[in-house]
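Residue indices begin at 1 and follow the sequence shown.
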Amino acid sequence: FDDPVVVIPSTINGMRVNEIGSKAFYGCKSLTEVVFEEGCQIIDGEAFEYCEKLKKINFPKSLLVIGERAFSSTGLDCSNLKRVILSNGLTEISRSIFRRSGITEIDIPKNVTIICESAFEDSKLTKVNFSKSVLKIEKNAFLNTQINEVIIPPNVKEIGENNFRW
């Protein structure tokens with residue numbers, strides 16, 4: 001796959017595009033941007049893992065699930081993927097979703113209740129804005145990030161080990 005931009009259409013040959021399969025774009029070295037038309041609900045694990053030049057992702061409002069390591073090891077240098085805006089349809093931030101990514105800032109969507117293990121571990125993250133719905137932050141979710149200040153919402157009931165340590 002050599003195109004720098006991929007557009008995920010809402011339909012292909014009259015069939016709805018509901019899901020991007022596991023490792024669909026795994027290791028696409030030239031991919032810089034992903035644009036989703038409305039309709040896609042699931043991005044499976046590792047779908048965009050090791051897309052090292054990825055700079056921009058346009059998530060659809062219809063998105064409900066992003067699988068484990070879907071975007072890990074993307075944008076490894078600071079000039080690449082810095083900020084993403086996630087769909088409010090998400091209820092969890094999956095395991096290792098942005099691990100070792102170049103992402104620097106994230107707003108946790110309003111329906112997310114859990115941030116899974118190693119979600120942002122070893123990323124370039126400097127700022128996280130938690131929604132009031134977050135109840136649990138699993139271990140290592142923010143391990144080895146560059147966050148200097150964090151405000152934990154009052155509804156959080158559990159924070160796993162090794163969070164906010166670098």
Just so I know, are the side chains of [X] and [Y] near enough to count as touching, which here means a heavy-atom distance under 4.5 Å?
X    : Y    : value
F142 : N162 : no
E19  : D44  : yes
C40  : N18  : no
E52  : K29  : yes
L143 : F120 : no
K55  : E33  : no
L125 : T104 : no

Would a single hydrophobic cluster contain both [Y] and [X], if residues Ile, Leu, Val, Met, Phe, Trp and Tyr are joined by side-chain heavy-atom contacts under 4.5 Å?
X    : Y    : answer
I103 : V150 : yes
V6   : F36  : yes
I42  : L86  : no
I97  : I8   : yes
V65  : V17  : no

Please check: side-chain N/O of [X] versus main-chain N/O of [Y], any donor-acceptor pairing under 3.5 Å?
X    : Y    : result
N155 : V134 : no
E38  : S62  : yes
S94  : I66  : yes
S22  : G45  : yes
E138 : C116 : no
D122 : R99  : no
D107 : V128 : no
E37  : P9   : no

All side chain to side chain donor-acceptor pair (under 3.5 Å) counterparts of S118, not counting sequence neighbours: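 If we apply the side chain to side chain donor-acceptor pair (under 3.5 Å) test to S118, skipping adjacent residues, the hits are E121.
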Any residue meeting side chain to side chain donor-acceptor pair (under 3.5 Å) with S131, in chain and number order, not counting sequence neighbours: S133
Straight-line distance of [X] [atom1] to [Y] [atom2], nearest 0.5 Å:
X    : Y    : atom1 : atom2 : value
N148 : T126 : CG    : OG1   : 8.0 Å
K136 : E92  : NZ    : CD    : 10.0 Å
L135 : K157 : CG    : NZ    : 7.0 Å
I108 : T113 : CD1   : OG1   : 11.5 Å
I85  : K56  : CD1   : NZ    : 9.5 Å
L31  : I57  : CG    : CD1   : 9.0 Å

Partner set under salt bridge (charged side-chain N to carboxylate O under 4.0 Å, His left out) for K127, not counting sequence neighbours: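 Listed in chain order: nothing, the list is empty.
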Donor-acceptor side-chain pairing of E49 and S72 below 3.5 angstrom: yes
Short side-chain donor-acceptor distance under 3.5 Å, N111 and N88: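 N111 and N88 do not have a side-chain donor-acceptor pair below 3.5 Å.
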Do you know the tightest heavy-atom contact between [X] and [Y]?
X    : Y    : value
K132 : P153 : CA-CB, 4.3 Å
A47  : I43  : CB-CG2, 3.6 Å
A119 : I93  : CB-CG2, 3.8 Å

Check: F71 ring centroid to F59 ring centroid under 6.0 Å: yes
F48 and Y26 aromatic centres sub-6.0 Å: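 Centroid separation for F48 and Y26: 6.0 Å or greater.
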Intermediate values then yes/no, side-chain contact (heavy atoms from CB on, under 4.5 Å), F98 and V84: CA-CA 10 Å; F98 292 108; V84 296; 3.8 Å; yes
Residue that, paired with F130, satisfies side-chain contact (heavy atoms from CB on, under 4.5 Å) out of V112, I115, V156, I106: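 Only match with F130 under side-chain contact (heavy atoms from CB on, under 4.5 Å): I115.
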Neighbour count >12 (heavy atoms, 6.0 Å) for atom CD1, I152: yes
Worked verdict on Y50 versus R100 for side-chain contact (heavy atoms from CB on, under 4.5 Å): CA-CA 10 Å; Y50 293 106; R100 290 193 296 260; 3.9 Å; yes
